[in-house]
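Since the structure comes first, as structure tokens, the remarks are kept for the end.
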2 protein chains.
Amino acid sequence: MAGRRLVQKQSLPEIIANDLRERILSGEIPEGAAIQQEVLAEEYGVSRMPVREALKRLNAEGLLSWETNRGGSVVKHSLNEIGEIFDLRALIEVDLFRRAIPNMTATDFMRCEELLAEMEVSYAANDVARWGQLNHDYHTALYRAANRRLTDDVLIRIALQSDRYVRIHLSVMKQRDPAREEHRKLLDLAQQGDVAGAGALLERHILRTRDALLELVAKQRSQMGD
Amino acid sequence: MAGRRLVQKQSLPEIIANDLRERILSGEIPEGAAIQQEVLAEEYGVSRMPVREALKRLNAEGLLSWETNRGGSVVKHSLNEIGEIFDLRALIEVDLFRRAIPNMTATDFMRCEELLAEMEVSYAANDVARWGQLNHDYHTALYRAANRRLTDDVLIRIALQSDRYVRIHLSVMKQRDPAREEHRKLLDLAQQGDVAGAGALLERHILRTRDALLELVAKQRSQMGD
DNA sequence: TTGCGCTAGTTTGCATCCAATATCCAACGA
DNA sequence: TCGTTGGATATTGGATGCAAACTAGCGCAA
């Protein structure tokens, strides 16, 4: 099992879907933008078919909306919906965390410690993009011991939606965010086996992120005049 | 709003996906069955392309697994995973219900009453298929006032997974199921505005269904020798 | 001037065709 | 006899072409 080096084979639609997803999440392709198969096919230097499948995929993920014979566009969420996404995240992540804590081993704690340390580095270096990725990894690591594959999948799907908004505002969020100490505290509580306390803190953590983000998005949208 | 009758235009992949989904959920296409594009294309009298897109879609929904250049098969869940699905349902549905109760109006209650009455009829008539559909509608009606579109979408996806197992065992489940009185009780508690009580009952309701189903699936699988 | 209808152009949707990859089986060598 | 390698076959993946649907722009009539 040691030397296994499987070459993760990806089909074209998969590659294109991943790239497009990244472009949407990063904001390069903005909310509401119209999507044309031919244009994208040209860009990627492939035929329209793999592009179509990629678009279908993103549609299934909820990032694109699609109408028969009329093309598609990037989904734009209302403020209510953005709030809903975070509420869902809170609901599921707290559940995962509570289930994980009793199962966490020394290895799990160590992995979390490492990620925390890395986050501190990226924090100090002001490397926003890296911090975002690490933040994601850290949360995932906290829930790992819950050993809930399907729930994880569902969470990933949901988090994908929120990621788009988080990323856009990450640079602003970071500064005013008390998340830094909270991340440490979450791990401490988990190590103490305080399920209730850890769950409550995580919920506050996520819901506060929600409120801060909603405020920012609301401000931005009112400035843009929609 | 009254006379709107939009002729939901469906593309071929959509139609095929819907039909295939139904065939999988009904058990006509069993767990683990291999899927071949050409065979299906022949059956539906279309080319392989719309079939491919339909399969991709079902793959995204988690009903099929797919490997590049190797075809696909109907996903088979472990007992643990089936349990997980119901835990997720409980988590989300209870949340929805609790949010819905304060918002429920006379219209909502009436709609629920109607569905309850219909369920009694199908119950008496032993019309299992119809009862299953009504059960689904009833639960949806209970959460309607929560007004959470995205959460509903997520729930539908998850419920889809469990539906497959519920349907297979519906005829058996029905007889020993105390769900009949519980459904009435859920509505009563909602009308009294007892959020905590209603939430708790709904959770018990779903988790008991989970346990009963797991027992049945376990028995069936051991009989089949896998 | 305004509203309707027709036509041209663009874009999507599906089918057919070709290429690439996996599976299976037989032949060869140890 | 068993394991490995090579080729034949079947199945999926992707490109191209054509038909159908939607959009827009122009002309005509009220």
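Side chains are part of it too, since the values below use all heavy atoms of this structure and drop only hydrogens, waters and symmetry mates. Just so we're on the same page: letters track the sequence lines, and every chain starts at 1.
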What does nucleotides 9-16 of chain C look like as a protein-contact string, B for base, S for sugar-phosphate only, - for none, at under 4.0 angstrom between heavy atoms? --SBBBBB

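- Between Ile29(A) and Ile24(A), some side-chain heavy-atom pair lies under the 4.5 Å cut-off.
- The pair Arg167(A)-Glu22(A) counts as a salt bridge, with a side-chain nitrogen and a carboxylate oxygen less than 4.0 angstrom apart.
- Residues passing the salt bridge (charged side-chain N to carboxylate O under 4.0 Å, His left out) test with Glu61(B) are Arg21(B), sequence neighbours excluded.
- Looking at Thr105(B) and Asp108(B), their side chains do bring a donor and an acceptor atom within 3.5 Å of each other.
- The shortest distance between side-chain heavy atoms of Thr151(A) and Arg99(A) does not fall below 4.5 Å.
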